[in-house]
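We name chains A, B, ... by the order of the sequence lines, and we start the count at 1 in each one.
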Amino acid sequence: MPSRLIKHDLIDLRALSGVVLSAPPFNFRVRACAGPLGKAFFAAYADFERSDDSAFVDFELKIRPVRGLRRFVRPLISLEIDGSEPFDPLPAAQAFPLLEWGMNWCVTSSANQYLMCHSAVLAKRDLAVMLPAPPGSGKSTLCAALMLSGWRLLSDELALIELHSGKLVPFVRPVSLKNASISLIRDRYQSAFLTVPVVDTLKGTVAHLRPTKTSVDLARIEAFPRLLVFPSYISGAQLDVQKLGHAAATVEIAKNAFNLTPLGVLGFESLCRVVERCDCFVLRYGRLDEALAWFDLMQNQLLAKHYAG
Amino acid sequence: MFWITKGWRFRQFADGQGLVFNPFTGDLYALSEIPVSLIIAFGDTAASCDVLFRRVADTVDLDGEPVGEETVKSHLAALVQLGVVTSVSP
C-alpha cells in the first residue's frame, strides 16, 4: 500500500531495501550509502508516494562512496544503476543532482514503450503544451514559471508519448534549474520550494524546484498535446512568435527525440500524429511576463475553439 | 540525387507540407528543405507518392559528378521501364 514519503524514511534510504519512490509511470528504488542525499530528496519529493516493498521496481539506484582514499579525502560518490555505473564519480555534495540525472538516464535509455522527446510538458484544463528545446534555451525556467502560475506539470525534461494514442504520459519530477534561473524563480515565486543550490556541477550551479502538489496529485492523468512551442530565451529580446508549419515542426521536434531511430516507422507515425493535433510556434522571449501572458492567451483561444466544436 | 528507397515513409499534412522519413537511420526531411533538385522514390514509397522531379540542371549523380538533363531523363526512363518508378511528375 503506497504511503506519503516522510522524513523518517531517511533512515530507510541507507537500508538494504532502500525507499521505493513512486514517480509514475515508474518506480525507482533509491538507496544512499553516502553523500547528503536525504534532505534534498525528501524535500523535493515531499508530496510523492513511497511504494511498499512488494511493488514492481523499474530501476534500482544506489549512491555509494568510491573505494580508496577518495572515500575520505574530498569524498567522491558514484551512482550504481541496476548493478552498473554509467556515470563518472562526482563530489559527494552533488549526490541529489546525480540521482536526478541518473533517473533521467534510466528512462531515456530503456523506456522504448514510449516515444521520448527532450521537452517540457504542461497542461491547463486538459490542453497540453509541449516545449521541446535543447539545453540552454530557457525551457526549464519557462516550465517552472508556467507551473507556478497555475499550469500542471507533466514533465520538465522528458515528454513520454504513447505510441498508438499519441497521449502524453506524465512523468512528474522536480524541475531542474541552473545558474541565473535559480534566483529568478526564487525571487519571483517566494513560496516555491527549491533545494539548496549545488555549485560546480558539469551544468554549473544547479537547484531543484519541488513540483506543485496539484501536479503530483494528477500525475496519472494523461493529456493530449494541443500546442507545440519551441522556446528560446534571449535576454532583453522583445517577444517574437512565429507560426510553424507541421512538416517543419515535425523535423524540429524530431531533433529532440531520443528514440526515433529504434522505433522506426512506429515512432515516425506517432510523432506525426502528435504534431498534426497541434498549433505549432517558435517563441523567442526576453521577459517571463510576456511569455506567460502569451501562453494564457493561446490557452484561452484553443479552449474557445475546442468548446465551439 | 536524393534517393528514397523501399521502406521509407512519406507523409503529407493538411497544410500541404510533406515529409520523408528514413526508418533505417531515423533521418527526417521536410520536402521543402531537401537541398537537391531531384528526388526519386522506389518501390512501396513510390506507390504512395509521385516521384518529385524538380530542376534538373543542378542534379548530381551518386559519384558526385554533375549530370546533364538528357542523362537524367534516360536514367528515369530506364527506371520506369524496370518498374521501380511508377510515375514521374515534372
Side-chain angles (χ1 to χ4, degrees), chain A residues 108-112 114-119 130 132-134 159 161 163-164 166 224-230 242-282 302 305, chain B residues 1-56 58-60 62 64 79 83-90:
Chain A
T108 56
S109 61
S110 62
N112 291 317
Y114 304 108
L115 173 61
M116 293 182 280
C117 296
H118 187 230
S119 171
M130 289 180 67
I161 301 166
L163 287 170
H164 297 287
F224 277 112
R226 193 62 188 85
L227 195 55
L228 185 58
V229 180
F230 298 88
Q242 301 294 329
K243 197 154 169 50
L244 204 57
H246 282 146
T250 309
V251 171
E252 285 307 308
I253 192 176
K255 291 176 188 172
N256 292 284
F258 288 103
N259 59 345
L260 190 61
T261 303
L263 288 177
V265 172
L266 192 56
F268 169 66
E269 295 292 343
S270 182
L271 197 63
C272 288
R273 270 196 295 274
V274 165
V275 175
E276 260 177 338
R277 299 181 65 91
C278 293
D279 289 6
C280 309
F281 299 93
V282 175
L302 288 171
K305 211 192 292 187
Chain B
M1 294 178 192
F2 189 85
W3 302 97
I4 304 175
T5 60
K6 194 168 181 176
W8 287 45
R9 288 296 184 268
F10 171 77
R11 178 71 171 250
Q12 188 160 35
F13 290 104
D15 60 7
Q17 293 186 3
L19 282 173
V20 287
F21 174 66
N22 180 347
F24 310 106
T25 63
D27 293 328
L28 184 63
Y29 306 91
L31 285 175
S32 60
E33 293 170 358
I34 295 174
V36 296
S37 55
L38 179 64
I39 302 168
I40 297 180
F42 290 87
D44 293 345
T45 308
S48 64
C49 71
D50 287 340
V51 169
L52 304 168
F53 182 37
R54 303 203 178 176
R55 289 180 301 114
V56 178
D58 298 333
T59 299
V60 176
L62 291 177
L79 290 170
V84 296
V85 172
T86 55
S87 66
V88 176
S89 308

List the atom of [X], the atom of [Y], and the distance in Å for their closest heavy-atom pair.
{"X": "B/Pro23", "Y": "A/Val265", "value": "CB-CG2, 3.7 Å"}
{"X": "A/Cys272", "Y": "B/Leu19", "value": "SG-CD1, 4.0 Å"}
{"X": "A/Val251", "Y": "B/Tyr29", "value": "CG2-C, 4.1 Å"}
{"X": "A/Thr261", "Y": "B/Gly26", "value": "OG1-CA, 3.4 Å"}

**Request:** Give, for atom CG of B/Asn22 and atom CZ of A/Phe268, the distance between the pair rounded to the nearest 0.5 Å.
**Result:**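 Output value for this atom pair is 11.0 Å.
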
**Request:** Provide the full list of salt bridge (Lys or Arg N to Asp or Glu O under 4.0 Å) pairs with a residue in residues 257-271 of chain A, sequence neighbours left out, each pair given once.
**Result:**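 Listed by first then second residue: A/Glu269-B/Arg11.
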
**Request:** Return the set of residues passing ring-ring contact (aromatic ring centres under 6.0 Å, His included) with A/Phe281 (not counting sequence neighbours), or none when no residue passes.
**Result:**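 In terms of ring-ring contact (aromatic ring centres under 6.0 Å, His included), with neighbours along the sequence ignored, A/Phe281 is linked to A/Trp294.
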
**Prompt:** With chain B, which of A/Thr250, A/Asn259, A/Leu260 has the greatest number of heavy-atom pairs at distances under 4.5 Å?
**Reply:**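 Option with the top pair count is A/Thr250.
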
**Request:** Before giving the answer on side chain to side chain contact (heavy atoms under 4.5 Å, CB included), spell out for B/Phe21 and A/Leu271 the whole-Å C-alpha distance, their side-chain angles and the decisive distance to 0.1 Å.
**Result:** CA-CA 11 Å; B/Phe21 174 66; A/Leu271 197 63; over 6 Å; no

